[in-house]
Amino acid sequence: GNSVTQMEGPVTLSEEAFLTINCTYTATGYPSLFWYVQYPGEGLQLLLKATKADDKGSNKGFEATYRKETTSFHLEKGSVQVSDSAVYFCGMSHSGYSTLTFGKGTMLLVSP
Amino acid sequence: EPEVTQTPSHQVTQMGQEVILRCVPISNHLYFYWYRQILGQKVEFLVSFYNNEISEKSEIFDDQFSVERPDGSNFTLKIRSTKLEDSAMYFCASKNSNSNQPQHFGDGTRLSIL
């Protein structure tokens, strides 16, 4: 069936370190892929998206590239900040109504 | 920027009681969703709603659950007889008609069943 797998957290980094959060998916057809971020006490906010193979989504210094050959959508940022501390969810939509399937979420903790 | 709003932010209910969670989607959106997140687990799809009817639902969304759009602005999730395992964060989301557009989420309602 359709599923999303992302790396277990927490990921603990120092400020200005490089970030990678891995995400892979299983789906029929060609889903759209998303990264959402959840700051403490808040809801899910869209961070970036990609709707077809080789698309790169980017926002606030974060990037992710839709890789059909490896069914992956890894999230990267070159230099993290303390304010990036949050839970990051990889998701995909795979039906005409765009129901989202999420991974378990990865907590990122950035220390000064 | 318009946003999805959910009330209450925290609901505490006795097991077996009915609970209604409320959402006001973004005004020009046409597709509405409920998701839940049990503590420490993934965000799970419950139900989608379009054109005044359920368009898709998960196996979690059994006969205890119902959704309604009672007027032009609210979208509610009702749980008829709550169980301990219904304790979770419940997120409402909405999107406009373009299928490639993302869903916009509310801040969630934390439901605690005692």
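Letters go in sequence order (proteins before strands), and every chain restarts at 1. This is a predicted model, so every value here is computed, not measured.
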Q) Looking only at heavy atoms, which of residues 75-84 of chain B get nearer than 4.5 Å to chain A? A) none
Q. Which pair of non-hydrogen atoms, one from B:F91 and one from A:G43, has the smallest distance, and what is that distance?
A. CE2-CA, 3.8 Å
Heavy-atom count around [X] [atom1] within 6.0 Å, excluding the residue itself: above 12?
X: B:L39; atom1: CG; result: no
X: B:Q64; atom1: CD; result: yes
X: A:E69; atom1: CD; result: yes
X: B:D63; atom1: CG; result: no
X: B:R69; atom1: CZ; result: yes
X: A:Y30; atom1: OH; result: no

Q: Start with the C-alpha gap between B:Q103 and A:Y36, add the side-chain angles, then the distance that decides, and say whether side chain to side chain contact (heavy atoms under 4.5 Å, CB included) holds.
A: CA-CA 10 Å; B:Q103 295 176 28; A:Y36 281 80; 3.9 Å; yes
Q | Distance in Å, A:T99 OG1 paired with B:Y31 OH, rounded so as to fall on 0.5 Å steps | A | 11.0 Å
Q.
Just verifying a value: how many Å separate A:Q38 CD and B:M89 CE, rounded to the nearest 0.5 Å?
A. 6.5 Å
Q.
Counting only non-hydrogen atoms closer than 4.5 Å, does B:Q37 touch chain A with its backbone (N, CA, C, O), its side chain (CB onward), both, or neither?
A. side chain
Q. Taking B:D107 for the side chain and A:E42 for the main chain, is one N or O donor matched with an acceptor at less than 3.5 Å?
A. no
Is there a continuous path of hydrophobic side-chain contacts, each under 4.5 Å between heavy atoms, that joins [X] to [Y]?
X: B:Y35; Y: B:F49; answer: no
X: B:I26; Y: A:L44; answer: no
X: A:M7; Y: A:L47; answer: yes
X: A:V37; Y: A:L19; answer: yes
X: B:V12; Y: B:V19; answer: no

Q | Non-hydrogen side-chain atoms of B:F105 and A:L100 separated by less than 4.5 Å | A | yes
Q) In terms of heavy-atom pairs under 4.5 Å, which option from B:E44, B:K42, B:H104, B:Q6 contacts chain A the most? A) B:K42
**Q.** Counterpart residues, side-chain contact (heavy atoms from CB on, under 4.5 Å), relative to A:T101 (two or more places apart)
**A.** A:V4, A:M92, A:H94
**Q.** Side chain, backbone, both or neither of A:L46 within contact of chain B (heavy atoms, under 4.5 Å)
**A.** side chain
Q. Mind checking who shares a hydrophobic cluster with B:I38, ILVMFWY linked at side-chain heavy-atom distances under 4.5 Å?
A. none
Q: Can you check whether anything in residues 102-112 of chain A gets within less than 4.5 Å of chain B, heavy-atom wise, and list it by number?
A: A:F102, A:G103, A:K104
